[in-house]
Amino acid sequence: MKAKQQKSEQNVNEIAGLSQTTVWQRDALTEAESDWLAQEVPVALVYNGISHVVMMATPDDLEAFALGFSLSEGIIAQPQEIFGMDIVPGCNGIEVQIELSSRRFMALKAQRRAMAGRTGCGVCGVEQLDQIGKPVPALPFTQTFALAQLDTALAQLRDYQPVGNLTGCTHAAAWMSPQGELQGGCEDVGRHVALDKLLGYRSQCGWQQGAVLVSSRASYEMVQKSAMCGVEILFAVSAATQLAVDVARRCNLTLVGFSKPGRATIYTHPQRLR
């Protein structure tokens with residue numbers, strides 16, 4: 001999880017997920033200079049020795065990613081159903097080896113699907129179209145959020161993107177308190193992965209009161225992942241898709257798009273907002 005960081009030459013080498021390269025600018029083709037790139041590597045989640053999914057991700061906060069993915073995909077219902085986890089670098093990527101409870105592993109094998117690289121459309125690797133849009137339990141109405149606090153949170157969002165601030169190449173997901181303070185945030189080259197990382201940390205920290213803020217658009221999968229983890233309110237900086245709105249409406253999630261200073265478009269369940 002990224003704490004607030006002021007980017008400077010003094011601490012840039014402490015930021016994980018960065019590489020340097022040589023570039024040339026349009027107006028100075030004879031003058032090479034150094035620039036930063038966000039790292040993107042294959043990350044395989046391996047449950048009890050069986051590879052379940054390979055995602056392209058920034059190689060940081062991978063334990064949180066594995067935990068959040070396991071929760072948001074319904075592989076586990078609570079963190080205690082993971083007994084252990086090891087991060088194993090390899091020649092072509094990284095394996096996160098997860099020791100799952102026997103009951104959950106048997107259920108996973110029964111419903112297993114092969115996925116790869118699901119950072120784009122959200123459907124890549126799904127074996128059957130009817131697997132899209134898994135049933136999500138209806139959320140309760142226990143949370144409220146004052147829209148006047150949204151601008152406070154938006155002003156803090158880039159504090160949790162040390163890689164993005166140097167590269168312009170990452171999405172962020174953060175947890176907002178009801179007072180609009182960001183309690184923690186994660187970043188990744190993939191918006192789904194950034195959200196999974198945050199949901200993993202949220203489960204460890206026990207955050208309940210508040211809402212999720214993401215720097216991306218709200219696709220159906222962002223809504224589904226949030227709802228699977230009990231998140232009642234999701235703010236997205238960009239637009240929502242029709243399927244995202246449909247899913248949010250069905251599962252009682254309050255979905256807000258175009259979350260910018262002085263602006264917000266509420267798509268579903270506005271009764272949570274003040």
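Side chains included, hydrogens not; waters and symmetry mates left out as well; all remaining heavy atoms used.
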Applying side-chain hydrogen bond (donor to acceptor under 3.5 Å, both in side chains) to Glu232 and Thr142, what does each step give before you reach the verdict? CA-CA 8 Å; Glu232 296 184 30; Thr142 66; 2.4 Å; yes
Go through Thr254 and Tyr267 one step at a time and tell me if the side-chain hydrogen bond (donor to acceptor under 3.5 Å, both in side chains) criterion holds. CA-CA 7 Å; Thr254 297; Tyr267 295 103; over 6 Å; no
Does the pair Met85 and Glu99 meet the rule for a side chain to side chain contact (heavy atoms under 4.5 Å, CB included), with working shown? CA-CA 6 Å; Met85 198 180 298; Glu99 184 183 354; over 6 Å; no
I would like to know whether Gln143 and Gln209 meet side chain to side chain contact (heavy atoms under 4.5 Å, CB included); could you show each step before the answer? CA-CA 7 Å; Gln143 301 298 306; Gln209 305 297 314; 3.3 Å; yes
Walk me through it: do Ser219 and Arg191 pass the test side chain to side chain contact (heavy atoms under 4.5 Å, CB included)? CA-CA 10 Å; Ser219 63; Arg191 65 185 188 276; 3.6 Å; yes
Do Cys186 and Tyr201 pass the side chain to side chain contact (heavy atoms under 4.5 Å, CB included) test, and can you show the C-alpha distance, the side-chain angles, and the key distance before you say yes or no? CA-CA 9 Å; Cys186 298; Tyr201 275 119; 3.4 Å; yes
Between Arg103 and Glu81, is a salt bridge (charged side-chain N to carboxylate O under 4.0 Å, His left out) present by the stated rule, with each step listed? CA-CA 9 Å; Arg103 181 172 68 89; Glu81 291 173 318; 3.0 Å; yes
Carefully, step by step, assess Glu221 and His192 under the rule side-chain hydrogen bond (donor to acceptor under 3.5 Å, both in side chains). CA-CA 8 Å; Glu221 196 169 36; His192 303 121; 3.2 Å; yes
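Residues Thr152 and Gly180 approach most closely at CG2-O, 3.7 Å, considering heavy atoms. The minimum heavy-atom distance linking Ala153 with Met176 is given by the pair CB-SD, 3.2 Å. Of all non-hydrogen atoms in Ser216 and Ala236, the two that sit nearest each other are O-CB, 3.5 Å. Here the closest non-hydrogen pair linking Ala38 and Thr167 is N-CG2, 3.5 Å. Contact detail for Tyr47 and Ala66: the closest heavy-atom pair is OH-O, 4.3 Å. Considering every non-hydrogen atom in both Gly190 and His171, the closest pair reads C-CD2, 4.3 Å.
No side-chain N or O of Gln149 forms a donor-acceptor pair with one of Gln179 less than 3.5 Å apart. Looking at Ser19 and Gln39, their side chains do bring a donor and an acceptor atom within 3.5 Å of each other. Side-chain atoms of Arg274 and Thr144 include a donor-acceptor pair closer than 3.5 Å. Side-chain atoms of Asp35 and Thr21 include no donor-acceptor pair closer than 3.5 Å.
Between Ile266 and Leu147, the closest side-chain pair of non-hydrogen atoms falls below 4.5 Å. Within the 4.5 Å cutoff, the side chain of Leu71 has no heavy atoms near those of the Leu199 side chain. Residues Ile82 and Ile76 form a side-chain contact, since some pair of their non-hydrogen atoms from C-beta on lies under 4.5 Å apart. Looking at Val237 and Leu154, their side chains come closer than 4.5 Å, going by heavy atoms from C-beta outward. Annotation: side chain of Pro42 is not in contact with side chain of Met55 (no heavy-atom distance under 4.5 Å). Considering only heavy atoms from C-beta on, Glu40 stays 4.5 Å or farther from Thr58 through its side chain. Side-chain contact between Val54 and Val43: absent, with no pair of heavy atoms (C-beta onward) separated by less than 4.5 Å. Side chains of Phe235 and Leu273 form a contact here, defined as non-hydrogen atoms less than 4.5 Å apart.
A cation-pi geometry, defined here as NZ or CZ lying under 6.0 Å from the six-membered ring centre and within 45° of its normal, holds between Arg272 and Phe141. Judged by the 6.0 Å and 45° rule, Arg202 forms a cation-pi pair with Trp175.
Formation of a donor-acceptor pair under 3.5 Å by the Asn48 side chain with backbone atoms of Leu100 is found in this model. Under a 3.5 Å cut-off, the side chain of Gln20 and the backbone N or O of Leu37 do not form any donor-acceptor pair. Counting only distance, with no hydrogens or angles, the side chain of Thr268 and the backbone of Leu253 share a donor-acceptor pair below 3.5 Å. When atom types are taken as modelled, the side chain of Gln161 and the backbone of Thr170 share a donor-acceptor pair closer than 3.5 angstrom. Between the side chain of Asp188 and the main chain of Ala194, no donor-acceptor pair closer than 3.5 Å is present. Under the 3.5 Å distance criterion, the side-chain polar atoms of Asn165 are matched with a main-chain donor or acceptor of Arg158.
Val23 and Leu166 fall into different hydrophobic clusters, where Ile, Leu, Val, Met, Phe, Trp and Tyr are joined by side-chain heavy atoms under 4.5 Å apart, directly or via other members. A continuous path of ILVMFWY side-chain contacts below 4.5 Å connects Val223 to Leu243, so both sit in one hydrophobic cluster. Clustering ILVMFWY residues whenever any of their side-chain heavy atoms sit less than 4.5 angstrom apart, transitively, puts Val214 in the very cluster that holds Phe258. Taken together through direct or relayed side-chain contacts under 4.5 Å among Ile, Leu, Val, Met, Phe, Trp and Tyr, Val46 and Val53 form parts of separate hydrophobic clusters. No path of Ile, Leu, Val, Met, Phe, Trp and Tyr side chains, each step under 4.5 Å between heavy atoms, connects Val96 with Val88, placing them in separate hydrophobic clusters.
Test Val163, Asp60, Asp61, Val193 against Glu187 for side chain to side chain contact (heavy atoms under 4.5 Å, CB included) and you get one pass: Val163.
In this structure, Ser72 OG and Leu195 CG are separated by 7.0 Å, a value rounded to the nearest 0.5 Å. Separation of atoms CG (Leu234) and CD (Gln224) is listed at 12.5 Å; rounding is to 0.5 Å. With rounding to the nearest 0.5 Å, the separation of CG in Leu45 from CD in Glu95 is 10.0 Å. The line from CD1 of Ile98 to CG of Leu67 is 9.0 Å long, rounded to the nearest 0.5 Å. The CG atom of Asp86 lies 12.5 Å from the CG atom of Leu62; values are rounded to the nearest 0.5 Å. Here the CG-CZ distance, from Leu198 to Phe65, works out to 13.5 Å after rounding to the nearest 0.5 Å.
Ion pairing of Lys225 with Glu73 is present here, as a side-chain N (NZ or NE/NH1/NH2) and a carboxylate O approach within less than 4.0 Å.
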